[in-house]
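In the text below, chain A, chain B and the rest are named by the order of the sequence lines, each starting its count at 1.
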Amino acid sequence: MMQAIYQAKGLSKQYGHKTALDNVSFEIFPGRLVGLLGPNGSGKTTLLKLSAGLLRPSAGHVFIGGQEPGVATKTITSYLPDRMALPVEMRVDDVVNLFADFYKDFDMVKASHMLADLKLDPRQRIGTMSKGTQEKMELCLTMSRAARLYLLDEPLGGVDPAAREYILNTILRNYSEEAAVVISTHLVEDVERMLDETLILKEGQVLAHRAVDELREESGMSLDEYFRHVFRV
Amino acid sequence: MEWNIEAGRPVYLQLVEQLELAIVTGALPAGSRVPPVRELAAQAGVNPNTMQRALQELESRGLMQSHRTAGRTVSAGPEQLDGLRRQRARALADSFWKQMQALGVSAEETAALLRAAAEKENV
């Protein structure tokens with residue numbers, strides 16, 4: 001039997017009195033593209049930060065490749081944070097070298113191809129790029145690793161529709177049966193064609209974890225319509 | 001090949017339909033090699049697992065054949081293609097006739113309009 005690459009068991013996180021995640025459990029298997037959906041404040045970023053080892057759970061566990069987040073899981077997890085985290089004073093080629101030094105699974109050739117697609121000058125400084133270009137660059141670096149789990153926190157938020165298409169295409173072209181990709185986003189319509197599954201959070205709890213085509217067949221709605229229906233105010 | 005995936009229906013079914021259409025119209029001719037799953041998935045902007053499932057469905061219908069080392073080819077025979085073509089044509093005719101009825105156009109008039117359209121095409 002195949003083993004889950006990414007798993008949560010009764011995972012909870014509290015910030016003071018505020019509960020951000022409440023007893024979340026799920027299993028995600030290799031080869032799956034998963035949309036992590038939910039309104040603002042539903043716990044998506046907290047879940048991804050816990051999984052990337054940036055936060056500690058208040059209760060419960062998260063496992064990546066069977067281990068709790070730490071040095072070992074970071075070598076197999078490629079995480080794109082919700083805010084651009086590249087050092088603005090560095091140049092494109094410096095950052096590429098930094099990633100190559102840092103991550104054994106970093107594919108220099110793949111990264112160079114992608115950055116050439118974006119028409120980035122290797123000597124350009126990160127700080128002089130537009131926000132959209134910075135985000136595309138960061139995604140390219142994230143996807144240039146041969147990881148087992150990709151955690152992408154809102155990779156589409158700040159970029160124009162053409163750039164969105166480029167980003168989604170990059171994710172699809174890097175698809176591997178060995179790896180799972182988790183994408184958190186509000187732009188349900190843009191991602192729904194490419195997802196296997198959706199994990200929907202509501203107020204820190206799992207509202208649904210379903211195969212997307214199944215959900216479409218049952219509800220007669222697109223994932224986007226379903227989402228609006230469930231969260232109608 | 002052109003893809004047009006709508007949001008409301010299962011992607012899998014739409015892929016099966018559009019691949020079938022591509023085979024019938026000759027965009028994917030009989031005997032030709034089918035591009036790799038990953039390539040097709042990226043073209044259509046869909047999940048590779050979904051594309052894989054659609055291709056397997058076409059295999060089980062005998063329209064494609066997978067070879068252990070050489071990928072997939074279109075294996076539909078002339079009779080099967082003809083059957084599919086007729087099936088599609090009937091479905092189109094049914095839906096066209098429903099729309100004409102909704103407009104209040106009679107069967108005779110519809111037939112005459114179709115004939116006229118065909119003649120215009122021939123000039």
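- Only the backbone of B:Ala41 has a heavy atom closer than 4.5 Å to any heavy atom of chain A.
- Within 6.0 Å of CD in B:Glu39 there are more than 12 heavy atoms belonging to other residues, nucleotides or ligands.
- Heavy-atom pairs under 4.5 Å with chain B were tallied for A:Leu223, A:Leu215, A:Asp213, A:Leu172; the largest tally goes to A:Asp213.
- Atom-to-atom distance recorded for A:Arg193:CZ and B:Leu15:CG is 9.5 Å, nearest 0.5 angstrom.
- B:Asn49 places a side-chain N or O within donor-acceptor distance of the main-chain N or O of A:Gly31, the cut-off being under 3.5 Å.
- The number of heavy-atom neighbours closer than 6.0 Å to CD of B:Glu17, taken from other residues, nucleotides and ligands shown, is above 12.
- Annotation for A:Lys9: atom NZ does not count as buried by contact number, only 12 or fewer foreign heavy atoms lying within 6.0 Å.
- More than 12 heavy atoms of other shown residues, nucleotides or ligands fall within 6.0 angstrom of atom CD in A:Gln124.
- The two atoms that bring A:Arg173 and B:Arg38 nearest to each other are O-NH1, 3.6 Å, heavy atoms only.
- Looking at B:Arg9 and A:Glu217, no side-chain N of the basic residue comes within less than 4.0 Å of a carboxylate O on the acidic one, giving no salt bridge.
- Here A:Glu177 contributes atom CD and B:Gln52 contributes atom CD; the two are 7.5 Å apart, rounded to the nearest 0.5 Å.
- Taking every heavy atom of both residues into account, A:Leu33 and B:Pro48 meet most closely at CD1-CD, 4.2 Å.
- By the neighbour-count criterion of 12 heavy atoms within 6.0 Å, atom CD of B:Gln101 is densely surrounded, having more than that number from other residues, nucleotides or ligands.
- Heavy atoms of A:Asp224 lying under 4.5 Å from chain B are absent altogether.
- Between B:Val11 and A:Arg216 the shortest side-chain heavy-atom distance falls below 4.5 Å.
- Within 6.0 Å of CZ in A:Arg228 there are 12 or fewer heavy atoms belonging to other residues, nucleotides or ligands.
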